[in-house]
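Just so it is clear, the structure is predicted and the values come from calculations on it, not from any experiment. Residue numbers run from 1 in the order of the sequence given.
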Amino acid sequence: MRLWCVAVNAAIDKTYVVPGFRASAEYRLGRAVAVAGGKPLNVAKTARLLGVEDVVCTGFVGGRTGAWIRRDLADRGIATDFVEVPGESRENVLIADPTGASETRLIEPGDPVTADAADRLVAHLSERVHAEDLVVVAGSLRRAWSPRSMAGW
């Protein structure tokens with residue numbers, strides 16, 4: 001059995017820890033912690049930490065951020081088999097305030113995906129996923145893409 005984690009809107013999640021964060025203030029930031037993000041990729045990372053060996057991330061990635069996402073997952077021992085699309089995968093900023101136990105998220109929408117790209121992803125999955133595999137599809141949809149594209153898969 002293989003675990004497929006399908007991220008139609010993968011991202012780089014960059015977290016800054018800012019004690020006492022409030023809007024309209026200025027902060028000198030320390031080092032950001034950046035990880036491949038998006039709900040399906042978080043599932044994949046958690047599965048690997050729990051000892052699941054055969055985990056593959058797929059979906060859409062694009063540009064330099066897409067390449068970074070692939071490298072980060074590979075560094076964590078997670079196989080990738082993404083469909084490359086034009087544009088850039090999104091980058092999100094998370095501001096964690098440990099003193100107020102709060103988190104502020106600035107979430108990019110991601111570049112639009114064409115119907116052709118959606119069809120390529122469906123074909124990609126149809127060729128690779130077997131009946132005994134487990135598939136996780138989660139997270140936000142990119143603009144100009146519809147879950148109807150998955151009909152019949």
In terms of hydrophobic clusters joined by side-chain contacts under 4.5 Å, are [X] and [Y] together?
X	Y	result
Val61	Val35	no
Leu50	Leu134	no
Val18	Ile107	no
Phe82	Trp68	yes

*asked:* Do Glu88 and Thr65 pair up side chain to side chain, a donor and an acceptor below 3.5 Å, judged on atom types alone?
replied: yes

*Do Lys39 and Asn42 have side-chain N/O donor and acceptor atoms under 3.5 Å apart?*
no

Nearest-0.5 Å distance, [atom1] of residue [X] to [atom2] of residue [Y]:
X	Y	atom1	atom2	result
Leu94	Lys14	CG	NZ	11.0 Å
Leu73	Leu41	CG	CG	5.5 Å
Asn9	Arg90	CG	CZ	4.0 Å
Met1	Glu132	CE	CD	9.5 Å
Leu49	Arg76	CG	CZ	8.0 Å
Arg120	Glu84	CZ	CD	9.0 Å

May I ask you to decide if [Y]'s main-chain N or O and [X]'s side chain share a donor-acceptor pair within less than 3.5 Å?
X	Y	value
Thr99	Gly20	yes
Asp133	His130	yes
Arg48	Val52	yes
Asn92	Asp13	no

*Kindly indicate, with the supporting measurements, whether the criterion side chain to side chain contact (heavy atoms under 4.5 Å, CB included) is fulfilled by Val137 and Trp4.*
CA-CA 8 Å; Val137 182; Trp4 290 88; over 6 Å; no

Show the nearest heavy-atom pair for residues [X] and [Y], with the distance to one decimal.
X	Y	answer
Val55	Ala44	CG1-CB, 3.6 Å
Pro40	Ala7	CG-CA, 3.8 Å
Ala96	Pro98	O-CD, 3.4 Å

*side chain to side chain contact (heavy atoms under 4.5 Å, CB included) evaluation trace for Asp97 with Glu103*: CA-CA 6 Å; Asp97 178 359; Glu103 180 177 86; over 6 Å; no

_Could you check whether any side-chain heavy atom of Val56 comes within less than 4.5 Å of a side-chain heavy atom of Arg2, counting everything from C-beta outward?_
yes

_With a 4.5 Å cut-off on side-chain heavy atoms, are Asp54 and Leu3 touching?_
no

*Could you check Val43, Thr58, Val136 and say which one makes a side-chain contact (heavy atoms from CB on, under 4.5 Å) with Val6?*
Thr58

*asked:* Val8 vs Val113, test: side chain to side chain contact (heavy atoms under 4.5 Å, CB included). Steps then yes/no.
replied: CA-CA 9 Å; Val8 295; Val113 171; over 6 Å; no

*Apply side chain to side chain contact (heavy atoms under 4.5 Å, CB included) to the pair Asp81 and Arg128, showing each step before the final yes or no.*
CA-CA 10 Å; Asp81 192 17; Arg128 290 162 173 77; 2.5 Å; yes

*Tyr27 ring center within less than 6.0 Å of Phe21 ring center*: yes

